[in-house]
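Along the sequence shown, the residues carry numbers beginning at 1. Here the structure is a predicted model, which is why all the values come from computation and not from measurement.
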Amino acid sequence: MTDAVVRRVRLQEWRQVRDLRLRALRDPAASIAFLSTAEEALGQADDFWQQRTADAAMGEDAAQFVAVAGERWVGSVTVLLRAAGSTDTLGRAVDAPQADLVGVFVDADHRGRGILDALVEVAAAWAEEAGANGLTLDVHTDNARAQTAYRRLGFTPTGLGVDTAAGFEIQMHRAAR
């Protein structure tokens, strides 16, 4: 069981959102796990992080959930709702409404404690309440650790994939429960 509280980010927590994102982007697997770099994130002004946090805290089409152990933020996921006719994070056309799970991260010293499970469950509940038929995500073909974790949580490959600057990403989906 997790030793962290999982909740949605709050409007005033933009500094914590920024700092956790920077930790995620500095993770050894970041080059195949994320579509941006720590250098790019460091180049963003405070108003970027404030707006990003406001959207994730109060938006109807996006929500960021964090795992907090004591006072320390140790994990995060973001859910982006996509309407039919829009495009997803990787530029693919969205044929039917979907909920994309992005920015998944758990600190190395908190992995294996159920934090990822708790984050995904909260994200799935939020997405399902918004009408999504489950969660969709993309994972780098070389990121075996992430693929294993997602399969354990009920995600299965859809057969779709796309080349990105970081390499080939496979799409996985988990149906609503």
Side-chain angles (χ1 to χ4, degrees), residues 2-27 29-30 33-38 40-83 86-90 94 97-111 113-140 143 146 149-150 153 155 169 171-174 176-177:
T2 179
D3 60 346
V5 173
V6 175
R7 62 169 176 78
R8 193 167 181 178
V9 298
R10 298 176 184 136
L11 183 61
Q12 72 277 14
E13 295 176 324
W14 65 270
R15 287 179 186 88
Q16 293 94 324
V17 166
R18 178 198 59 207
D19 293 349
L20 184 61
R21 181 67 175 171
L22 286 168
R23 280 206 327 269
L25 293 170
R26 290 177 176 137
D27 186 85
F34 301 107
L35 298 177
S36 61
T37 66
E40 291 168 340
L42 284 167
Q44 298 293 346
D46 290 351
D47 61 341
F48 168 86
W49 295 106
Q50 291 163 356
Q51 186 60 55
R52 181 178 180 141
T53 304
D55 293 344
M58 302 182 326
E60 293 180 13
D61 296 328
Q64 182 178 0
F65 299 95
V66 292
V68 184
E71 296 293 317
R72 185 169 179 235
W73 286 26
V74 297
S76 177
V77 299
T78 298
V79 182
L80 305 173
L81 299 179
R82 308 281 189 196
S86 66
T87 56
D88 69 10
T89 305
L90 298 178
V94 175
Q98 69 185 44
D100 292 340
L101 196 64
V102 299
V104 179
F105 176 72
V106 176
D107 272 335
D109 60 346
H110 280 78
R111 293 179 188 147
R113 297 183 184 188
I115 290 173
L116 177 62
D117 306 50
L119 285 165
V120 170
E121 290 308 317
V122 169
W126 181 84
E128 290 166 22
E129 187 172 308
N133 67 351
L135 293 172
T136 301
L137 58 81
D138 294 289
V139 60
H140 195 282
N143 196 341
Y150 295 139
L153 293 172
F155 288 87
E169 300 270 337
Q171 186 183 72
M172 299 180 84
H173 181 78
R174 182 178 109 167
R177 298 185 186 233

Mind checking the [atom1]-[atom2] spacing from [X] to [Y]? Nearest 0.5 Å is all I need.
| X | Y | atom1 | atom2 | result |
| --- | --- | --- | --- | --- |
| Leu116 | His110 | CG | NE2 | 14.0 Å |
| Ile115 | Ser76 | CD1 | OG | 12.0 Å |
| Thr136 | Arg82 | OG1 | CZ | 10.5 Å |
| Leu20 | Arg15 | CG | CZ | 16.0 Å |
| Leu25 | Arg23 | CG | CZ | 11.5 Å |

Give me the atom names and distance for the closest heavy-atom approach of [X] to [Y].
| X | Y | answer |
| --- | --- | --- |
| Phe105 | Ala24 | CG-CB, 3.4 Å |
| Ala123 | Val77 | CB-CG2, 3.9 Å |
| Ala176 | Glu128 | CA-OE2, 3.3 Å |
| Leu11 | Thr53 | O-CG2, 3.7 Å |
| Leu22 | Ala38 | CD2-O, 3.8 Å |
| Asn143 | Ala33 | ND2-CB, 3.9 Å |

Checking the side chain of [X] only, and the main-chain atoms of [Y] only, is there a donor and an acceptor separated by less than 3.5 Å?
| X | Y | answer |
| --- | --- | --- |
| Asp27 | Ala29 | yes |
| Gln171 | Asp138 | no |
| Arg174 | Ala124 | no |
| His173 | Phe155 | no |

Would Val9 and Trp73 satisfy side-chain contact (heavy atoms from CB on, under 4.5 Å), going step by step from the backbone distance to the final call? CA-CA 11 Å; Val9 298; Trp73 286 26; 4.0 Å; yes
Decide yes or no on side-chain contact (heavy atoms from CB on, under 4.5 Å) for Leu119 and Val104, but give the supporting numbers first. CA-CA 9 Å; Leu119 285 165; Val104 179; over 6 Å; no
Salt bridge (Lys or Arg N to Asp or Glu O under 4.0 Å), paired with Glu13, selected from Arg18, Arg7, Arg8, Arg21: Arg7
Test Arg52 against Asp55 for side-chain contact (heavy atoms from CB on, under 4.5 Å), laying out the working first. CA-CA 5 Å; Arg52 181 178 180 141; Asp55 293 344; 5.8 Å; no
Report yes if some heavy atom in the side chain of Arg113 is under 4.5 Å from a heavy atom in the side chain of Val74; otherwise report no. no
Could you walk me through whether Trp14 and Asp46 pass the side-chain contact (heavy atoms from CB on, under 4.5 Å) test, one step at a time? CA-CA 8 Å; Trp14 65 270; Asp46 290 351; 3.3 Å; yes
